[in-house]
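Notes follow the structure.
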2 protein chains.
Amino acid sequence: MSEKRKPSGFLLKQRAFLKLYLITLTEQERLYGLKLLDVLREEFQPFGYRPNHSEVYKALHDLIEEGILEQVKKKKEGMKYQEVVYYRFTEEGYKKAQLYKRQLKTELDRCEALIRKAIKDNFS
Amino acid sequence: MSEKRKPSGFLLKQRAFLKLYLITLTEQERLYGLKLLDVLREEFQPFGYRPNHSEVYKALHDLIEEGILEQVKKKKEGMKYQEVVYYRFTEEGYKKAQLYKRQLKTELDRCEALIRKAIKDNFS
DNA sequence: GTATGAACAGCTTGTTCATGG
DNA sequence: CCATGAACAAGCTGTTCATAC
């Protein structure tokens with residue numbers, strides 16, 4: 001009775017989108033959860049997109065389960081006691097991350113094409 | 001306890017996307033449910049998107065509830081008995097539809113910008 | 001088999017709660 | 001207050017069932 005469902009292939013999901021950004025941000029700079037959320041919200045604010053904290057944490061946890069990232073618990077800079085969770089690539093993780101990014105590039109190109117088609121088909 | 005949830009403003013939903021196409025197709029040519037589905041599937045097939053029949057019906061029903069479209073039950077061309085449901089704009093519907101399309105144009109532009117930003121941010 | 005529609009079930013995601021510093 | 005995480009619940013969407021021709 002419980003079958004797995006095949007997605008119709010509409011636009012990509014928020015979770016995948018966030019995972020892509022989290023990989024790229026990890027390549028650039030080591031940050032922790034809520035700080036990543038801040039950065040993302042600021043980046044997307046002009047685009048009317050405001051992710052919530054749970055989605056970011058779940059995306060990070062997904063990347064851990066896939067063996068791409070691992071946690072590093074550290075004291076927050078300047079704080080004596082506040083411990084926060086930073087992320088870095090695992091041994092195998094960077095290679096896996098590059099593969100994931102290549103897949104997402106294809107997916108983003110597809111979505112862009114779909115949206116451009118809709119603009120063309122409905123507004124020309 | 002049951003609050004309405006505020007969307008985070010990620011990409012537009014499939015339902016809205018289909019409603020836009022159904023309005024435009026109704027402007028161009030009068031068709032019925034499953035035929036509209038055929039047309040849409042053929043259009044999107046190169047883009048890996050294959051909507052299912054329920055989503056198309058639900059989108060049509062939404063447009064009826066919003067007072068944009070109405071049903072016209074007719075015999076299928078060449079068929080004596082097979083009755084199918086065609087759609088046309090209501091009296092007020094065409095004006096409402098143009099408003100909806102203007103809103104969707106803004107939304108599609110926003111989504112395109114978001115995707116282009118993601119490509120730029122993650123693949124440059 | 002084609003067509004329409006509703007009911008159901010699974011997936012996605014936003015809100016709330018719990019714990020700790 | 002900030003930070004992390006899990007539990008919960010609402011919303012979206014794919015599959016199945018029912019009805020009719």
Side-chain angles (χ1 to χ4, degrees), chain A residues 1-19 22 30-41 44 48-65 69-87, chain B residues 1-19 22 30-41 44 48-65 69-87:
Chain A
M1 295 301 144
S2 54
E3 309 293 326
K4 60 184 74 163
R5 305 197 319 179
K6 172 165 39 161
S8 69
F10 188 54
L11 302 176
L12 91 165
K13 302 294 182 217
Q14 182 180 195
R15 184 76 56 88
F17 186 90
L18 288 176
K19 283 164 67 181
L22 292 170
R30 195 155 302 165
L31 292 171
Y32 63 94
L34 281 201
K35 185 57 70 182
L36 288 159
L37 180 66
D38 279 350
V39 171
L40 293 169
R41 282 183 174 170
F44 298 132
Y49 170 42
R50 187 171 187 279
N52 62 53
H53 85 275
S54 275
E55 273 303 306
V56 169
Y57 282 124
K58 281 183 275 189
L60 286 166
H61 299 340
D62 279 3
L63 291 168
I64 291 169
E65 278 187 25
L69 294 185
E70 64 188 0
Q71 297 190 326
V72 190
K73 286 177 177 137
K74 280 189 191 167
K75 303 259 181 302
K76 200 169 161 185
E77 255 185 62
M79 298 283 174
K80 275 220 184 63
Y81 301 113
Q82 180 76 10
E83 208 175 50
V84 295
V85 182
Y86 290 82
Y87 294 87
Chain B
M1 297 305 142
S2 54
E3 309 292 328
K4 61 184 72 161
R5 304 195 322 176
K6 173 164 40 162
S8 69
F10 188 54
L11 302 176
L12 92 165
K13 301 295 181 219
Q14 181 180 198
R15 184 76 56 87
F17 186 90
L18 288 176
K19 283 164 67 181
L22 291 169
R30 194 155 304 164
L31 292 171
Y32 62 94
L34 282 201
K35 186 57 70 181
L36 288 159
L37 180 66
D38 280 350
V39 170
L40 292 169
R41 281 183 175 169
F44 298 131
Y49 170 41
R50 189 172 185 277
N52 62 53
H53 84 275
S54 274
E55 273 302 307
V56 170
Y57 282 123
K58 281 182 274 188
L60 286 166
H61 298 339
D62 279 4
L63 290 168
I64 291 170
E65 279 187 26
L69 295 184
E70 63 188 0
Q71 297 190 326
V72 189
K73 284 176 179 140
K74 279 189 189 166
K75 304 257 182 302
K76 201 169 158 184
E77 255 183 62
M79 297 283 174
K80 274 219 184 65
Y81 301 113
Q82 179 77 13
E83 210 175 49
V84 295
V85 181
Y86 290 82
Y87 294 87

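In what follows, every chain begins at residue 1, and chains take the letters A, B, ... in the order their sequences are listed.
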Find the bend of the helix from dG1(C)-dC21(D) to dG21(C)-dC1(D) as the angle between its two terminal axes (five pairs each), to the nearest 10°.
30°
Please tell me which of the listed nucleotides, dT15(C), dT4(C), dT4(D), lies nearest to the side chain of Val84(A)?
dT4(D)
Within-4.5 Å side-chain heavy-atom neighbours: Asp38(B) and Leu34(B)
no
With sequence neighbours left out, the residues meeting side chain to side chain contact (heavy atoms under 4.5 Å, CB included) with Arg41(A) are Leu37(A), Arg50(A), Pro51(A), Asn52(A)
Of the candidates dG5(C), dC2(D), dG5(D), the side chain of Gln71(B) sits closest to dG5(C)
If you compare every side-chain N and O of Tyr32(A) against the phosphate oxygens of dT4(D) (OP1, OP2), does one of them come in below 4.0 Å?
no
So if I take residues 53-61 of chain B and measure heavy-atom distances to DNA chain D, which residues fall below 4.0 Å?
His53(B), Ser54(B), Glu55(B), Lys58(B)
Sorted by chain and residue number, the side chain to side chain contact (heavy atoms under 4.5 Å, CB included) partners of Asp62(B) (sequence neighbours excluded) come out as Arg15(B), Lys19(B), Glu66(B)
Which nucleotide, dA3(D), dT15(C), dG5(C), lies nearest any side-chain atom of Val85(B)?
dG5(C)
Between residues 8-17 of chain B and DNA chain C, which residues have a heavy-atom gap below 4.0 Å?
Ser8(B)
Set of side-chain hydrogen bond (donor to acceptor under 3.5 Å, both in side chains) partners for Tyr49(A), sequence neighbours left out
Gln14(A)
On DNA chain D, nearest-nucleotide positions of Tyr87(A) versus Lys6(A): which is more 5'?
Tyr87(A)
Sorted by chain and residue number, the side chain to side chain contact (heavy atoms under 4.5 Å, CB included) partners of Gln71(B) (sequence neighbours excluded) come out as His61(B), Ile64(B), Lys73(B), Val85(B), Tyr87(B)
For Lys13(A), enumerate each residue passing the side chain to side chain contact (heavy atoms under 4.5 Å, CB included) test, keeping only those at least two apart in sequence or located in another chain.
none
